[in-house]
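Here the structure is a predicted model, which means the values were calculated and not measured.
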Amino acid sequence: DYPLRDVYKRQEYRVSAEQAAFLCEERAEADYFEAVVKKGIDPVAAATWLGSDVQKQLNRLNISVTKSPLSVERFASLLGALAKERISGKIAKQVLELIFDEDKDVEAIIKEKGLEKISDPVVIGMAVDKVLSANAKAVGEVQAGDTKPMGFLVGQIMKETGGKADPAVINTVLADKLKLLKN
């Protein structure tokens, strides 16, 4: 029997009975999960990713996680980058797919593809300026008190930055620039 099946171990990892059952279908997968967690990765995040996005890739290639390019180190690196908010969830899914397709490490993929999240207010400010100048109608509506176009503007800024801009920084820079335009 695997340690993960133990109710105390499940409580320690904070995984549901269903997740534990899935993770324990094969001993190698249970050991893989526990090795990832030992690298300091949140057990719930690891279990969730293994049960969804990782499983999709494994099914697509018809392989097991232990025979895949997703080593314990690569998976821990991916979830670590996500937890530290260096990459978004959407980008993490892209990186995961690239690990399976190109058999490369997380850092190499992030660097090669320029996937790291943009959090520099100056860089985001340039994208905000471009979007504001191209969307005068939405800017006018926001300045007139209608908040609905804000979501549209944020979406356009995300599009301009390839989905890599930090949404919190976008909102701050956008609000500041709209105040300046109003004055």
Side-chain angles (χ1 to χ4, degrees), residues 36 39-42 44-61 65 68-183:
V36 170
K39 298 241 177 236
I41 298 303
D42 175 56
V44 175
T48 301
W49 276 78
L50 281 168
S52 59
D53 295 289
V54 172
Q55 193 59 48
K56 284 179 197 167
Q57 295 300 323
L58 296 172
N59 290 345
R60 179 174 68 93
L61 300 171
V65 72
S68 79
L70 188 65
S71 65
V72 166
E73 291 73 20
R74 284 177 175 173
F75 190 40
S77 178
L78 176 68
L79 294 182
L82 183 60
K84 291 179 185 132
E85 297 185 357
R86 286 188 51 228
I87 57 174
S88 67
K90 183 179 176 186
I91 289 173
K93 290 177 184 192
Q94 288 177 309
V95 172
L96 178 67
E97 191 171 333
L98 289 166
I99 291 169
F100 279 90
D101 291 347
E102 298 180 6
D103 193 12
K104 291 182 181 172
D105 289 338
V106 172
E107 289 305 315
I109 292 169
I110 290 172
K111 279 187 177 55
E112 282 175 20
K113 309 284 184 199
L115 296 174
E116 194 153 5
K117 190 187 280 186
I118 302 167
S119 53
D120 181 343
V122 174
V123 175
I124 291 174
M126 292 187 298
V128 170
D129 290 341
K130 191 171 181 180
V131 168
L132 292 180
S133 67
N135 295 283
K137 182 180 178 226
V139 170
E141 289 170 5
V142 170
Q143 290 174 330
D146 185 0
T147 57
K148 287 181 196 157
M150 286 295 285
F152 167 76
L153 291 171
V154 169
Q156 293 302 301
I157 296 161
M158 286 300 276
K159 191 173 173 183
E160 181 67 29
T161 61
K164 295 184 288 189
D166 184 329
V169 179
I170 287 177
N171 287 322
T172 302
V173 172
L174 181 58
D176 290 347
K177 291 202 179 260
L178 286 169
K179 279 182 205 154
L180 287 173
L181 284 174
K182 203 170 188 178
N183 296 335

Kindly determine whether Asp42 and Leu79 satisfy side chain to side chain contact (heavy atoms under 4.5 Å, CB included), including the steps that lead there. CA-CA 8 Å; Asp42 175 56; Leu79 294 182; over 6 Å; no
Before giving the answer on side chain to side chain contact (heavy atoms under 4.5 Å, CB included), spell out for Met158 and Val131 the whole-Å C-alpha distance, their side-chain angles and the decisive distance to 0.1 Å. CA-CA 10 Å; Met158 286 300 276; Val131 168; over 6 Å; no
Val169/Asp120 under side chain to side chain contact (heavy atoms under 4.5 Å, CB included): CA gap, chis, key distance, verdict: CA-CA 8 Å; Val169 179; Asp120 181 343; over 6 Å; no
Could you give me the CA-CA distance, side-chain angles and deciding distance for Asp129 and Glu160, then say whether side chain to side chain contact (heavy atoms under 4.5 Å, CB included) is met? CA-CA 11 Å; Asp129 290 341; Glu160 181 67 29; over 6 Å; no
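A salt bridge is absent between Asp105 and Lys111; no separation between the charged side-chain nitrogens and carboxylate oxygens falls under 4.0 Å. A salt bridge does not link Lys93 to Glu97: none of the charged side-chain nitrogens sits closer than 4.0 Å to a carboxylate oxygen.
With rounding to the nearest 0.5 angstrom, the CD atom of Gln156 is 11.0 Å from the CG atom of Leu132. Atom-to-atom distance recorded for Phe100:CZ and Lys56:NZ is 12.5 Å, nearest 0.5 angstrom. Between atom CD1 of residue Ile157 and atom CE of residue Met126 there is a gap of 13.0 Å, rounded to the nearest 0.5 Å. Rounding to the nearest 0.5 Å gives a distance of 11.0 Å between CG of Leu61 and CG of Leu70.
Side-chain contact check for Pro121 versus Thr172: every heavy-atom pair is 4.5 Å or farther apart. Residues Lys104 and Leu98 are not in side-chain contact: their nearest non-hydrogen atoms beyond the backbone lie 4.5 Å or more apart. Using a 4.5 Å heavy-atom threshold, the side chains of Leu96 and Gln57 count as touching. Side-chain contact between Ile170 and Leu153: absent, with no pair of heavy atoms (C-beta onward) separated by less than 4.5 Å. Looking at heavy atoms from C-beta onward, Ile124 lies out of side-chain contact with Leu174 at the 4.5 angstrom threshold. Put simply, the side chain of Arg60 reaches to within 4.5 Å of the side chain of Asp101, judged on heavy atoms. For the pair Glu102/Lys113, a side-chain contact is recorded, criterion being any heavy-atom separation below 4.5 Å from C-beta on.
Although no hydrogens or angles enter the test, the distance criterion places no donor-acceptor pair under 3.5 Å between the side chain of Asp53 and the main chain of Trp49. Under a 3.5 Å cut-off, the side chain of Lys39 and the backbone N or O of Gly80 do not form any donor-acceptor pair. In this structure a side-chain-to-backbone donor-acceptor pair under 3.5 Å is present from Asp146 to Lys148. At distances below 3.5 Å, not a single donor-acceptor pair connects side-chain atoms of Asn135 with backbone N or O atoms of Ala138. For Ser77 (side chain) and Glu73 (main-chain N/O), no donor-acceptor pair under 3.5 Å exists by modelled atom type.
When all heavy atoms of Met150 and Leu178 are compared, the closest pair comes out as SD-CD1, 3.6 Å. What you find for Ala92 and Leu78 is that their closest heavy atoms are O-CD1, 3.7 Å. Shortest non-hydrogen contact noted between Thr161 and Ala127 is CG2-CB, 3.7 Å. Residue Ser88 comes nearest to Gly163 through the heavy atom pair OG-O, 4.4 Å, listed as atom of the first residue, atom of the second, then distance. Residues Ile110 and Ala81 approach most closely at CD1-CB, 4.4 Å, considering heavy atoms. The minimum heavy-atom distance between Ala76 and Ile41, with the atom names listed, is O-CD1, 3.3 Å.
Exactly one residue among Val65, Val54, Ile99, Val106 makes a side chain to side chain contact (heavy atoms under 4.5 Å, CB included) with Phe75. That residue is Val54.
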